[in-house]
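All values reported here derive from a predicted model rather than from experimental measurement. Whatever order the structure lists ligands and atoms in, that order sets their numbers, starting from 1.
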Amino acid sequence: MDKIVVKGGNTLSGEVKISSAKNSVLPIIAASLLSSDKCIINNAPMLEDVFVISDVLRSVSADIDIDNTRNKIVIDTSSICDCEPCGELVRKLRASFLIMGPMISRYGKFKISLPGGCNIGTRPIDLHLKGFNALGADISVGHGYVEAKAKKLVGNNIYLDFPSVGATENIMMAAVMAEGETTIENCAEEPEIVDLSNFLNSMGANIIGAGSDTIRIIGVKELKGTNHIPIYDRIEAGTFMIAAAITKSRFKINGVNEQHLKPIIAKLTEMGVEIKVHGESMIVDGTGDLIPIDIKTMPYPGFPTDMQAQMMGLLCSIKGTSVITETIFENRFMHAVEMKRMGANIKIDGRSAVVEGVKRLTGCQVKSTDLRAGAALVLCGLVADGVTEVTDVYHIDRGYVNIEEKLKNLGANIYRVCG
Ligand code: EPU
């Protein structure tokens, strides 16, 4: 298994380029199943999760060509079947479940393995199933599988108990070709939902309101192929913003959308980080004195849960007390245990973590427990005394394109050991 080795203490400078958003491209790949024409994704991030969902589509006989020198994915689903996708792959990547909505829409029936376990919480799929059911699908769950059957899908009003990103996406995809009109109320408002809606509309769908708490979908007869460039990855950008703050550095980040980064910009600014945005670039200046802050993760436009671990890493090295409350996932503090191995002073009490900044973190071997936890430990390694070895790097590779190369180009003393 690969590990990332970081020798702490370097100041960073220069420029870094952000890739396209993992959490946009995964539902977009799933949405390509809605048309038998070719869909082309340009500037796609070459990530493990993208390769896995592509293999899931291949397991239902889609033809997917990934050109990793040109970051281009061509998806041809003209010869797919309604057969069962490879269960092992589906259990490996939760986002595989996003093919359910498109497959019910296309075939009126579909059977798929239930998603596998997850390190950050139980992550049920009840809201997805409730949505499919409201559109007219009969759902049965048993023996580790979920099966849906529908003579036809018919639009309906669906109220989500929680603004789930995945449920909003899956229901949108099931509803685009349903008969009549569907509304999804209390839906997720994340930028990735807007990107998926734009992708679907460019295929010929009629979706209004993505980005607000109510989405209206007027069913259309069929969808055609399209070309799309996904939005920039706001979580990768946020991770590099914290890299600047934690190392007390100033550098430029290219490939940002200020609107999408508002909650992260607001919190870092409150701490004393100076951020100047010029179009799709920003200069992040973490050279000033920083003060502790409190964070509460919330659905967008609140502070993203996917930035909580990285922010905890930063707060570990800021003098004073900060409180972090995680409201989205019930088990997303596993990185705290690893940070404590590095000398951090963190106390967990249920959904809250009290972080008391320490003078110095100390390098040691730590384990990525999930994708964002791994990135946060790399960030801690950038300022820790001595050498930090981050193991289980496959988690990081799921969602960051060449993180160690990008940090190295900024001046970090970092390398990967393949094993
Ligand atoms: N939930 C339910 N029932 C459902 C669906 C969700 O109770 O049917 C609950 C979950 O258990 C969780 C909360 O709702 O407590 C939020 O889950 P959501 O469905 O919004 O998350 P997701 O769609 O499974 C996506 C991202 C995650 C990100 C969350 C929250 C993708 C592929 N994944 O997951 O990204 O943390 O939204 O913003 O888009 C990551 O990139 O590291 C990552 C975990």
Should Arg94 be listed as contacting ligand 1, given a heavy-atom distance under 4.0 Å as the test?
no

Answer side chain, backbone, both or neither: which part of Arg123 comes under 4.0 Å from ligand 1, heavy atoms only.
both

Just to be sure I'm reading this right: ignoring hydrogens, which of Pro27, Ala21, Gly166 gets closest to atom 23 (O) of ligand 1? Compare them by their nearest heavy atoms.
Gly166

Any nitrogen or oxygen of Leu127, side chain or backbone, less than 3.5 Å from one on ligand 1?
yes

Of all the atoms in ligand 1, which lie at a distance below 4.0 Å from a heavy atom belonging to Lys22?
40 (C), 41 (O)

Just let me know how Val165 lines up against ligand 1, side chain, backbone, both or neither, with a heavy-atom cut-off below 4.0 Å.
both

Carboxylate-amine/guanidinium proximity below 4.0 Å for Lys92 and Asp55:
no

Is atom 9 (C) of ligand 1 less than 4.0 angstrom from at least one protein heavy atom?
no

If we ignore angles and hydrogens, is there a donor and acceptor under 3.5 Å between the side chains of Glu192 and Tyr300?
no

Check each heavy atom of Gln308 against ligand 1 and say whether those closer than 4.0 Å belong to the side chain, the backbone, both or neither.
neither

Heavy-atom nearest neighbour of atom 11 (O) of ligand 1 within options Pro124, Gly121, Pro304, Gly374
Pro124

Distance from Asp195 atom CG to Ile229 atom CD1, nearest 0.5 Å?
10.5 Å

Does Lys408, at its NZ atom, have more than 12 non-hydrogen atoms belonging to other residues, nucleotides or ligands within less than 6.0 Å?
no

State if Met307 counts as touching ligand 1 under the rule of any non-hydrogen atom under 4.0 Å.
no

Can a salt bridge be assigned to the pair Lys149 and Asp138 using a cut-off of 4.0 Å between side-chain N and carboxylate O?
no

Test salt bridge (Lys or Arg N to Asp or Glu O under 4.0 Å) applied to Asp37 and Lys224, step by step:
CA-CA 6 Å; Asp37 293 346; Lys224 56 184 185 342; over 6 Å; no

Ranking Asn170, Asp306, Ile328 by closest non-hydrogen atom to atom 35 (O) of ligand 1, top hit is Asp306

Could you please spell out the steps behind the salt bridge (Lys or Arg N to Asp or Glu O under 4.0 Å) verdict for Glu236 and Lys406?
CA-CA 11 Å; Glu236 188 194 14; Lys406 289 185 181 183; 2.7 Å; yes

Going by distance only, is there an N or O of Glu169 that falls short of 3.5 Å from an N or O of ligand 1?
no

NZ/NE/NH1/NH2 to OD/OE distance under 4.0 Å, Lys72 and Asp65
no

